[in-house]
Novice: 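Below: one structure in structure tokens.
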There are 2 protein chains.
Amino acid sequence: MKAVVKPVSEVPATIYDVAQRANVSPATVSRVLNGTQPVAPATEQRVRKAVAELRFRPSRLGVALAERKHAANGIVFPDLSGPFYTEVVLGYEEMAAERGRSVLILSTRDREDAAQAVLSLADRVDGMVLFGRTVSDEVVREVVATGIPVVLLNRPAVAGTDVITTENERSAYELTEHLLSHGHRRVVYLGDPNASADAAGRWAGVSKALKEAKRRRLIAPCGADENAGYTTATTLLQAPNRPDALVCFNDEVALGAMLAAEELGLDVAITGWDDVMAARFARPALTTVRQPMRELGALAAAALDERIAGARTELIHRVLPTELMIRNSCGGHSA
Amino acid sequence: MKAVVKPVSEVPATIYDVAQRANVSPATVSRVLNGTQPVAPATEQRVRKAVAELRFRPSRLGVALAERKHAANGIVFPDLSGPFYTEVVLGYEEMAAERGRSVLILSTRDREDAAQAVLSLADRVDGMVLFGRTVSDEVVREVVATGIPVVLLNRPAVAGTDVITTENERSAYELTEHLLSHGHRRVVYLGDPNASADAAGRWAGVSKALKEAKRRRLIAPCGADENAGYTTATTLLQAPNRPDALVCFNDEVALGAMLAAEELGLDVAITGWDDVMAARFARPALTTVRQPMRELGALAAAALDERIAGARTELIHRVLPTELMIRNSCGGHSA
DNA sequence: TTGTATGCGTTATCAA
DNA sequence: TTGATAACGCATACAA
């Protein structure tokens, strides 16, 4: 006489279905699946058989509620254009995946409800990393107040957060010194120190080198994209007493400035920041600064994980080194 | 006489805490917060007051389980380097956010457990989009079998999936015709038709144009990165009877090939695909094909949403047009 | 208009 | 080694 067996249905099986089919309690099924407690071999066999037959997959929804955790991390960035954020996100995802956590992304790019979006993300993750230039300190504090660990990237610390940044001032200083050593006398910085900590840090380095060399500390407030670089440089290069070197906030700005110089038929030294792919292919090739983007993301994920797991309670503040990529655009290297 | 009021605690308040403080039932709190049923003004006031005082935020975990949905979408891509995937992801995230859904990302880049990772992602979302070159058809079928809607991007359809692709063959055909009209006679395609549907489609277009012009249909199997392009082109350009035009699978390959040609001091026409930033800055500027990346992502999110909401049951298959960006690298345009 | 009670799918505690 | 059963935090039929 055949046993009456529930047919495999289209609706997902629950742990109760499995329990019933294996003639055990739901608790035992859970124990088998998670290895949380010893189970008799024979019992385990029955359970595994039932699981396979019913194609049972534990509901993440149920698991999450019972464990009261999402097993997911968030990451908030202003934009994804350019390789910088992209690479960081990739490094972050990779490390998170290794540790069994999913990652939720959120781009704040000119979104009016950015604050709301970030807060709402906070409800869906066990921890999150926030890039500079995304939301106000006030919002960061609110997120911290929800109780989840927060890691800040390239942004000044807020109480209760871990911080990881890449080095700015020293590299900018060296870059400027290099320019000066090539005989450039009138160097101006294209960027807006008020716009971000990065921009401020780089200006600080440039400024310091200029001061030490007893040069005028010139700065041209400028947006962070190619168009801003092009426009600003066009104006600058047509003014009397035009600069012979431009230290740009990033590669996009620098590339835009190169276009301007090219159009005006002017020979001016130009440097960028980030080492985007286009920097290598521009002619002359762009001198720039490379950041360990991948590592930045991976470290952020690791830091978050430590706090989520409770393995660390004190906060950290790490600064990652950057690397000068001297190429032809800064003059003196046979462009 | 003061009412006894529960102090605001550090542990998150639940809907029961709010109900108690407002002297109503949890159901009423839910109704106020979600506007699912009319509530008396006075009652609503009390509830909102309690919500504010307790800083109550509904637990996503509880909501998700009760509603039996994640309110989240997934997206799986092979990599994020290069602007292509990045822009698509951005378009996707933007559209998803507009519709109140979070997005979970998953990169399969040389990950051995890619299949497992994708399946596990399937448990955490209400629907997902999969790029070509990520997992096998078998895995796609398994995901479809879980019951969640699946949208495939730049990849041949699998039963039960929506498909959105960008046009390949026609653009490749036009690109090749253009090259031929410039007098190039020996044009070879750098790419691997077996590696992806994109590579195959582009080769089909090149092949067709060559055939119609009664030229030899030459192809050099080649990886999809800069290094592969450089290596392949170096070999090709040093062989007897070398090509005078290279149609490359993408911009990275083309840029690598340009480096090779430059090193060898050879003048050869080169075209790419994707219009990465470096394409504009290379000298000569790279002729390439632009895809509506942002739109691709947005459409995918929209398609997913329709199926998740049950607004559409029949499957779609859309092909988005691409645009030729004729610049200098294809010769005849005063490079 | 509001409250009661149950379901959602797990995990985990406490007995047995 | 195993089974009841109570959380977990909300939504929602069903009553009142």
Side-chain angles (χ1 to χ4, degrees), chain A residues 9 11-48 50-51 54-72 100 120 122-126 146-148, chain B residues 9 11-48 50-51 54-72 100 120 122-126 146-148:
Chain A
S9 129
V11 305
T14 72
I15 200 171
Y16 284 95
D17 300 326
V18 176
Q20 189 176 343
R21 181 177 260 252
N23 257 317
V24 297
S25 73
T28 297
V29 177
S30 176
R31 292 192 265 254
V32 170
L33 261 27
N34 302 315
T36 43
Q37 272 184 48
V39 172
T43 312
E44 173 164 357
Q45 288 316 311
R46 293 210 311 285
V47 170
R48 293 208 180 283
V51 165
L54 295 177
R55 298 194 195 304
F56 172 67
R57 296 183 67 92
S59 157
R60 273 304 311 170
L61 262 17
V63 173
L65 181 58
E67 295 184 335
R68 281 189 284 187
K69 53 186 169 192
H70 305 269
S120 135
D123 293 332
R124 315 173 136 269
V125 297
D126 303 317
T146 68
I148 66 174
Chain B
S9 126
V11 306
T14 72
I15 200 171
Y16 286 96
D17 300 325
V18 176
Q20 189 177 342
R21 180 177 261 251
N23 256 317
V24 297
S25 73
T28 297
V29 176
S30 175
R31 292 191 267 253
V32 169
L33 262 28
N34 303 315
T36 43
Q37 273 183 48
V39 171
T43 313
E44 173 165 355
Q45 289 315 311
R46 292 209 313 284
V47 171
R48 293 207 180 284
V51 165
L54 295 177
R55 298 195 195 305
F56 172 67
R57 296 184 65 94
S59 155
R60 272 305 311 170
L61 263 18
V63 174
L65 181 57
E67 295 184 335
R68 280 189 285 187
K69 53 186 168 195
H70 304 269
S120 135
D123 293 331
R124 316 174 135 266
V125 297
D126 302 317
T146 67
I148 67 174

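Computation of the quantities below employed the complete heavy-atom set of this structure, encompassing side-chain atoms and omitting hydrogens, waters and symmetry-equivalent molecules.
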Novice: Does the side chain of Thr14(B) come within less than 4.5 Å of Asp17(B)'s, by heavy atoms?
Specialist: yes
Novice: Could you tell me the separation between the CZ atom of Phe56(A) and the OH atom of Tyr16(A), rounded to the nearest 0.5 Å?
Specialist: 11.0 Å
Novice: For the side chain of Arg57(A) and the backbone of Thr146(B), is there at least one donor-acceptor N/O pair under 3.5 Å apart?
Specialist: no
Novice: His70(A) has an atom NE2; how far is it from atom C1' of dT10(C), in whole Å?
Specialist: 15 Å
Novice: Mind calculating the distance between NZ (Lys69(A)) and C1' (dT11(C)) to the nearest angstrom?
Specialist: 11 Å
Novice: So if I take residues 31-38 of chain B and measure heavy-atom distances to DNA chain C, which residues fall below 4.0 Å?
Specialist: Arg31(B), Gln37(B), Pro38(B)
Novice: Rounded to the nearest 0.5 Å, what's the gap from CG on Asn23(A) to OG1 on Thr28(A)? Could you check?
Specialist: 11.0 Å
Novice: Verify, without hydrogens or angle tests, whether Arg124(A) (side chain) and Ala71(B) (backbone) share a donor-acceptor contact under 3.5 angstrom.
Specialist: yes
Novice: Describe the nucleic acid contact of Val24(B) in one word from base, sugar-phosphate, nothing, applying a heavy-atom distance below 4.0 Å.
Specialist: sugar-phosphate
Novice: For Thr43(B) and Arg60(A), take the nucleotide of DNA chain C holding the closest heavy atom to each; which residue's nucleotide lies nearer the 5' end?
Specialist: Thr43(B)
Novice: Taking only side-chain nitrogens and oxygens of Ser30(A), does any of them come within less than 4.0 Å of OP1 or OP2 of dT10(C)?
Specialist: no
Novice: Might you list the N or O atoms of the protein lying below 3.5 Å from N or O atoms in nucleotides 5-9 of chain D, with each pair's distance?
Specialist:
| residue | atom | partner | partner atom | Å |
| --- | --- | --- | --- | --- |
| dG9(D) | N2 | Gly62(B) | O | 3.4 |

Novice: How long is the span from the CG atom in Asp126(B) to the CD1 atom in Ile148(B), to the nearest 0.5 Å?
Specialist: 8.0 Å
Novice: Would you say a side-chain N or O of Ser25(B) is under 4.0 Å from OP1 or OP2 of dT2(C)?
Specialist: no
Novice: Measuring from Glu67(A):CD to Arg60(A):CZ, what's the distance to the nearest 0.5 Å?
Specialist: 6.5 Å
Novice: Any donor-acceptor pair under 3.5 Å linking the side chain of His70(A) with the backbone of Leu61(B)?
Specialist: no
